[in-house]
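First the proteins, then the strands, lettered A, B, ... as listed; each starts at 1. Every heavy atom of this structure was used, including side-chain atoms; hydrogens, water molecules and symmetry mates were not. These numbers come from a predicted model, not from an experiment.
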2 protein chains.
Amino acid sequence: MKKATSLVDVARKAKVNISTVSRTINQTGKIGAETQARVRKVMRELGYKPNRVARRLRARDASTHLLGLIIPNIQNPFFADLARGVEDVAYKHNFALLLCNYDEDEKKEQFYLDVMQAESVDGVILPPIHENDPAVMQVVKNGTPVVCVDRILSDSSLDKVEVDNHMGAYKAVEHIIAQGHRRIGFIAGPADSSTGRERLRGGKDALIAARVPIKSELIRFGDFKQESGRLLTHELLTLAEPPTALFVSNGLMTIGALEAIAARGLKIPKQIALVGYDELPLAAVFNPPLTIVKQPAYEVGRCAAELLLKRIADPKHPPTSLKLHPELIVRKSC
Amino acid sequence: MKKATSLVDVARKAKVNISTVSRTINQTGKIGAETQARVRKVMRELGYKPNRVARRLRARDASTHLLGLIIPNIQNPFFADLARGVEDVAYKHNFALLLCNYDEDEKKEQFYLDVMQAESVDGVILPPIHENDPAVMQVVKNGTPVVCVDRILSDSSLDKVEVDNHMGAYKAVEHIIAQGHRRIGFIAGPADSSTGRERLRGGKDALIAARVPIKSELIRFGDFKQESGRLLTHELLTLAEPPTALFVSNGLMTIGALEAIAARGLKIPKQIALVGYDELPLAAVFNPPLTIVKQPAYEVGRCAAELLLKRIADPKHPPTSLKLHPELIVRKSC
DNA sequence: TTTGCGAATGCAAACGTTTGCGTGTAGTTA
DNA sequence: TAACTACACGCAAACGTTTGCATTCGCAAA
């Protein structure tokens, strides 16, 4: 790595002190107009680019123009969309993005949180592993702005943007019932995740509202990953009295469920109807097109980033809590 | 942002000089065993975490444990997989990852390349916009290790890992011909991208080898994005004599093609056969399951990251060039 | 002429590391 | 005992910024 041109080089060539250069860059302090012009000229000539590392080291209070995003897995389209939302906002404000996949692994989460602090990022966006995530709490205590997405933290003093999970599941199950189904298989998420629980409750509430009895044998708990969707769907379909419709409460598990259904050669929606969660790249052109609950993933990321930037600018700002609405997209699978 | 515990704090409490602490951390220089033990103990007690920013600032030659990844769009599953491959390797070696989406936009690419340098990352992984990317060249000249993925740079002194595009397209078209098709629509990528050109040539070569005449009206050039796949498929299907099979040369455009086909209510493969490029989340369970050319995206990322780490460790190492093999996955769509 | 004052700029410390060099101590050799 | 050597560790500079505190200068007010 060659040494790049630095403040000193510019200062020397422009015959001023480095502080003058610094101030013209940051528009801080009083600098004469013609001096500024000269400095700028030299900067252009030398192709000077401020060193972000040095800047971060010195001014840990000032903005370092670096954001952290810690997500379970970028291969999940939901998080890919979310990440893209964050990135677009970040770019618009000249922020770079540190991206980390923690795979629901607390060890990895801890590692990456440490990295965030060690890199002294301006702020972090993440879905906490569970409501009482001590590692995240610690970061918050250290004074790093944090905004939670998708899942929430019990500490209510944080900015957060979530999607109304209860509503999403409610709409889905309501729709399934409206199609005439009574035996509805429910592939839920982990019981210890807020999203999993809320979607479960939403589904149950829809059942209750329609006076459809809740059968615990029809409810299975997965881990939001593809394989568990496949396995649990098989389980449900081998029941003595199998469900006529399926509600799968996240995107990856929906793929798994489709695998199981395809393996059994079942026709959708005749033999088994299905409502999924999360929009997937091929869902709209699927055969039959998939009825799903669409979460505004990109919007979540966008809002979160904007909240974070706002908080960085004004740390005292009272915490904002956003709840975005999912949308039931009725196609042909149910 | 509270100030974290630093070397000085540790040094003070352990009654040694900061250099001693630094050396015990990095295992450099000679430090007595019992001193090391004492220092380590204090570090644990204080929960000391080295400041990566300061480390990077000081030791721009030493490893800063930060990698940059600049890709067109993380929402493209191909790049999501690739990114994941990079990330896994990075994590295993305690590197963090700076992720950027440049959207095939030279302005953005330039911005992010500047960020990379300003952050003094250890190295960068990217698919160059086109073969003669001056911005990337500049970074290379500055001494930052760069490895190209997916697409290549004319400068052959770089490490690179690509997928054999010619082979992928060849296999695909060969298979289409083997299924008895003679009128084959080809949705190609941009003519000014190496991947686009190589896939086109691969397809043409398969046609030539089978003595199937090449009709230029059946070849359309897209931009590797979904919308162009949709539009061009419509174009091809409105031809007086439409193709009986389609080869779509990337994942996003395949989705678009499927949109067009669905909009026209055509049956796959009876009315129109299709071979896509890139594995997509629902491709295997699609109805019919999609025949596609699968690129080892994760592997590309993994190899690239390993190459990069190797180069960082040994900058003089002669450049390595990897060419991974795509795989034709025959399912039911052709 | 002196004093005061604001505007423009310079000086130097600080951020938290790494590292070349210097120093002290103990052990070895002549 | 003197001279070396090896080892363990301390000192201080350097990385490229930002920023509080001078300092200089010109000019208006007293």
- Query: Got a sec, which residues hit side-chain contact (heavy atoms from CB on, under 4.5 Å) with B:Ala313, two or more places apart in sequence or on another chain?
  - Reply: none
- Measure from CG on B:Leu57 to P on C:dC15 and round the result to the nearest Å. 14 Å
- Under the side-chain contact (heavy atoms from CB on, under 4.5 Å) rule, collect the residues that match up with B:Lys41, sequence neighbours excluded. B:Arg44, B:Glu45
- Message: Does D:dT17 have its OP1 or OP2 closer than 4.0 Å to a side-chain nitrogen or oxygen of A:Ser22?
- Response: no
- Can you pull the salt bridge (Lys or Arg N to Asp or Glu O under 4.0 Å) pairs that have at least one residue in residues 19-36 of chain A, sequence neighbours excluded? none
- In chain order, what residues pass the side-chain contact (heavy atoms from CB on, under 4.5 Å) check against B:Lys323, with sequence neighbours excluded? B:Glu162, B:Asp164
- Task: Specify the separation, in whole Å, of atom CG of A:Leu7 and atom C1' of D:dT19.
- Result: 13 Å
- Note on the structure: With B for base contact, S for sugar-phosphate-only contact and - for none (protein heavy atoms under 4.0 Å), nucleotides 8-14 of chain C reads SBBB-BB
- Query: Distance check: side-chain N/O of B:Asn26 vs OP1/OP2 of C:dT18, anything under 4.0 Å?
  - Reply: yes
- Message: What is the separation between atom NZ on A:Lys49 and atom P on D:dT17, rounded to the nearest whole Å?
- Response: 13 Å
- Item | Residue pairs passing the salt bridge (Lys or Arg N to Asp or Glu O under 4.0 Å) test where at least one lies in residues 299-318 of chain A, sequence neighbours excluded | A:Asp159-A:Arg311, A:Glu299-A:Arg302, A:Arg302-A:Glu306
- Using the six-membered ring wherever Trp is involved, compare the ring planes of A:Tyr112 and B:Tyr91 and label them parallel, tilted or perpendicular (cut-offs 30° and 60°). tilted
- Task: Give one of base, sugar-phosphate or nothing for A:Ser6, where a contact means two heavy atoms less than 4.0 Å apart.
- Result: sugar-phosphate
- D:dT19 P sits how many Å from A:Gln27 CD, rounded? 14 Å
- Round to a whole Å and report the spacing from CE of A:Met43 to P of D:dG16. 16 Å
- Message: Checking B:Asp114 now: which residues fulfil salt bridge (charged side-chain N to carboxylate O under 4.0 Å, His left out) with it, not counting sequence neighbours?
- Response: A:Lys49
- Counting only N and O atoms by type, is there a donor-acceptor contact under 3.5 Å from the side chain of B:Asp88 to the main-chain atoms of B:Gly85? no
- Side-chain N,O (A:Arg55) to OP1/OP2 (D:dT18) below 4.0 Å: yes
- Message: Once salt bridge (Lys or Arg N to Asp or Glu O under 4.0 Å) is applied, what residue pairs with a partner in residues 96-107 of chain B remain, sequence neighbours excluded?
- Response: A:Arg84-B:Asp103, B:Asp103-B:Lys108, B:Glu104-B:Arg151
- Item | Euclidean distance, atom CZ of residue A:Arg56 to atom P of C:dG16 [Å, nearest integer] | 14 Å
- In short, the helix from C:dT1-D:dA30 to C:dA30-D:dT1 is bent end to end, axes from five pairs each side, to 10°, by 70°
